[in-house]
Enquirer: 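Following this message is one structure expressed as structure tokens.
Basis for what follows: all heavy atoms, side chains included, without hydrogens, waters or symmetry-related copies.
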Amino acid sequence: MSARGLCCTQCDPPRTFISTEQERRHELEYHADSFTVSITTKAGLLEKVVVEQVDGVFKCPICRKSLTTKTGCRKHLKNNLCTEKDNNKDPPEPALPAVTLPKHQIVPPPPAPHQPSKTRGFDDAVLYSCGELHALAGEKRKTLGIVESLELKPISIKDALGIEQNALAHATVILRLPAGPVELSPVEPQKRRKLDEDETCSNCSPAPAPGLEHLLSSSPYAARLATRNYVELSDEICELLNRDWQFSPHLRYASAVILAGCLLINKKNGQAVIANTVEPYGRQKTVDIHREPFIVQKGQPATTSLPPSIKTPYKKVWPVTVPTIDGKRLIIGTKSFDALITSSLRLDKVAEPSIGASTPSYVLTDISQSLATTIFLDAEYLDIGLRMAKNKDAWSVSSSDLLHQLRQVKTKFFDASTFYLCRASSFFADNHTCQPYTIFNLASFDQAHSGDGVAASNLFHTIACDVIRDGSHAILKKERVRQLRGQCTEQGSISIEFDGIMNLYGDESSVSILDNRDLNAFLENLASHLSPYVSKANKAVASFLAKEFE
């Protein structure tokens, strides 16, 4: 066909083309009847939007702005350029008084290491030098007696930041020490033993934060912990953790990352634990439908994780154990959210990891235990979380293992907040084999291959993928439910729920997922039936996690 025969009669003046491909692209770009584009909503979910051509131009479905090309309209939606007006067709509503939020909220820098205010006393310096500062009273007396018999005295050595270290030397040696700057280095024995394969080189390990020396010298997992750098929770980070999620929804992801891998140390009894997986839940119903309930039982308010109205070590950040019918929940509470710890490991002794909502191995029995608890953050994760706090477009903790970022909820599948991707895991539990299973990712458990539980877990896997992908437009196809129903036994309890879901379709081939309370009723029953399957899978997680710390 000649170039003269290829022209667009819809354009004024008509445009000509040198090839049929060029003509086809022109038709798609300027004269398509409609097209679909996926955008990210304020709730952090993907939503498909249909754009139609009206009077020769593409109309933005949000602000009704006219754009000439499909590419231009797509960029307009993707880059959030909508003015959210409607071409002034409707009279504007009267303005209401409002608080103007700052366009840029300051994110604090990582806190500097705590500087001790004074030099250790004689006995404490001796005990610190020998690694016995937190030993039993009898062991301390024994150590002090040995040092005294050898006529050794402690030396105080401070670096540029004022952080003190102690060493022992004979009194005559101390008198000969130079007054100016000195070079310190350990004296190695002539026959050096070989390092074990899993032992960490001290030259590659960061110096411990003040307050962690005893744990990092006495923990059975000291070699693994020594590879990480920890800083104590600061007032600036406390302020960030208490910001209102209603106006800063992206902080649900940043807060989870900041707390992932944190250490909780009870100074009252010496117990310590690492929070390997953290799930934050917003305080308000308008923010998170799975908020912690505030109820009154027999005339008495139930225990909550809200920070108490007393002076606490960390401003409005409160570590606490909350008893529930499912067990004792270890929570870090703030005014804006409560962070449920769903995977943890005792660090002061060898113990099996706690996987799931209950943490029986580390219990803060009363307010005095909470007051005695110090919190240390993983410095690398703190840095990542602070960078994430600057990104208001964040919609997940990371771009990998999305289904493993869903929280372990079992109800309210009709609400979008059920599908928030805000669960974070520590450096040691970053692999999915070390992260707790939920009804959404149970389908990936390798030790289950068939049966009712596998069919139900695949249903929740399908639902989660559809909601993450399509947001409020997510649908559950009838054919998929029929396929999974065929994998179930004929008269099992899970089969009955599948049959109930099938009855919802009627003559339709699909049903919506969000805002569908009829579907939700059957899904909640299925989630309850899956609890034993999740518990079994989490026993395997405990084994993998324990192996990670060996």
Enquirer: For Phe460, what residues pass the ring pair (Phe, Tyr, Trp, His ring centres under 6.0 Å) criterion, not counting sequence neighbours?
Expert: Phe413
Enquirer: What heavy-atom pair brings Val534 and Tyr437 nearest, and what distance separates the two atoms?
Expert: CG1-O, 3.4 Å
Enquirer: Give me the atom names and distance for the closest heavy-atom approach of Ile289 to Thr418.
Expert: CG2-OG1, 4.2 Å
Enquirer: With distance as the sole test, does Asn242 use its side chain to make a donor-acceptor pair with the main-chain N or O of Lys316 at under 3.5 Å?
Expert: yes
Enquirer: Nearest 0.5 angstrom please: Leu459 CG to Gln483 CD, how far?
Expert: 11.0 Å
Enquirer: For the residue pair Ala542 and Glu352, what are the closest heavy atoms and their distance?
Expert: CB-OE2, 4.2 Å
Enquirer: For Cys422, does its backbone N or O pair with a side-chain atom of Glu279 as donor and acceptor, under 3.5 Å?
Expert: no
Enquirer: Test your reading of the model: is there a side-chain donor-acceptor pair from Asn503 to the backbone of Asp499, 3.5 Å cut-off?
Expert: yes
Enquirer: Measuring from atom OG1 of Thr342 to atom CD1 of Ile331, what distance do you get when rounded to the nearest 0.5 angstrom?
Expert: 11.0 Å
Enquirer: Check the pair Glu550, Arg224 against salt bridge (Lys or Arg N to Asp or Glu O under 4.0 Å), reporting the backbone distance first and the verdict last.
Expert: CA-CA 8 Å; Glu550 287 183 358; Arg224 294 292 282 145; over 6 Å; no
Enquirer: Is it the case that the side chains of Gln405 and Tyr253 hold a donor-acceptor pair, with the cut-off being a distance below 3.5 Å and no angle test?
Expert: no
Enquirer: Taking the six-membered ring of Tyr420, is NZ or CZ of Arg252 closer than 6.0 Å to its centre and within 45° of its axis?
Expert: yes
Enquirer: Under a 4.0 Å threshold between the charged nitrogen and the carboxylate oxygen, would Lys410 count as salt-bridged to Glu524?
Expert: no
Enquirer: Out of curiosity, Thr373 OG1 to Asn266 CG, how far, rounded to the nearest 0.5 Å?
Expert: 4.5 Å
Enquirer: Evaluate Phe522 against Phe498 for ring pair (Phe, Tyr, Trp, His ring centres under 6.0 Å), listing each step before the verdict.
Expert: CA-CA 8 Å; Phe522 294 106; Phe498 267 102; over 10 Å; no
Enquirer: Counting N and O atoms only, with roles assigned by atom type, does the side chain of Ser444 sit under 3.5 Å from a partner on the main chain of Asn441, one being a donor and the other an acceptor?
Expert: yes
Enquirer: Just how far is it from atom OG of Ser361 to atom CG of Leu345, taken to the nearest 0.5 Å?
Expert: 8.0 Å
Enquirer: For Tyr221 and Phe549: C-alpha separation, side-chain torsions, deciding distance, then whether ring pair (Phe, Tyr, Trp, His ring centres under 6.0 Å) applies.
Expert: CA-CA 6 Å; Tyr221 311 109; Phe549 277 84; 5.7 Å; yes
Enquirer: Keeping Thr304 on the side-chain end and Phe294 on the backbone end, is there a donor-acceptor pair under 3.5 Å?
Expert: no
Enquirer: Donor-acceptor pair, distance only, cut-off 3.5 Å: does the side chain of Ser370 make one with the backbone of Pro319?
Expert: yes
Enquirer: Would Arg407 and Asp288 pass as an ion pair if we require N to O under 4.0 Å?
Expert: yes
Enquirer: With no hydrogens and no angle check, is any side-chain donor or acceptor of Thr334 less than 3.5 Å from a backbone partner on Phe337?
Expert: yes
Enquirer: Go through the steps to decide whether Asp466 and Arg469 satisfy the test salt bridge (Lys or Arg N to Asp or Glu O under 4.0 Å), and finish with yes or no.
Expert: CA-CA 5 Å; Asp466 288 342; Arg469 185 186 303 113; 3.2 Å; yes
Enquirer: Which heavy atom of Val317 sits nearest to which heavy atom of Cys238, and what is that distance?
Expert: CG2-SG, 3.7 Å
Enquirer: Establish, from distance only, whether the side-chain atoms of Thr277 and Ser425 form a donor-acceptor pair under 3.5 Å.
Expert: yes
Enquirer: Is NZ or CZ of Arg120 both nearer than 6.0 Å to the six-membered ring centre of Tyr128 and within 45° of the ring axis?
Expert: yes
Enquirer: Closest heavy-atom contact between Arg291 and Arg283?
Expert: CB-O, 3.5 Å
Enquirer: Determine, stepwise, if the pair Met388 / Ile258 fulfils side chain to side chain contact (heavy atoms under 4.5 Å, CB included).
Expert: CA-CA 10 Å; Met388 188 176 292; Ile258 289 172; over 6 Å; no
Enquirer: Could you tell me the separation between the CD1 atom of Ile332 and the SG atom of Cys262, rounded to the nearest 0.5 Å?
Expert: 4.0 Å
Enquirer: Has the side chain of Ser495 got a donor or acceptor atom that lies under 3.5 Å from a matching backbone atom of Gln491?
Expert: no
Enquirer: What distance separates Leu484 CG from Ile494 CD1, expressed to the nearest 0.5 Å?
Expert: 11.5 Å
Enquirer: Apply the test side-chain hydrogen bond (donor to acceptor under 3.5 Å, both in side chains) to residues Tyr314 and Glu232: give CA-CA distance (whole Å), side-chain angles for both, the deciding distance (0.1 Å), then the verdict.
Expert: CA-CA 10 Å; Tyr314 306 106; Glu232 189 169 2; 2.7 Å; yes
Enquirer: Looking at Ser248 and Leu251, would you say the former's side chain and the latter's main chain have a donor-acceptor pair under 3.5 Å?
Expert: no
Enquirer: State whether the side chain of Asn276 and the backbone N or O of Ser343 hold a donor-acceptor pair below 3.5 Å, judged by distance alone.
Expert: no
Enquirer: If you compare all heavy atoms of Glu380 against all heavy atoms of Asp378, which two are closest, and at what distance to 0.1 Å?
Expert: N-OD1, 3.0 Å
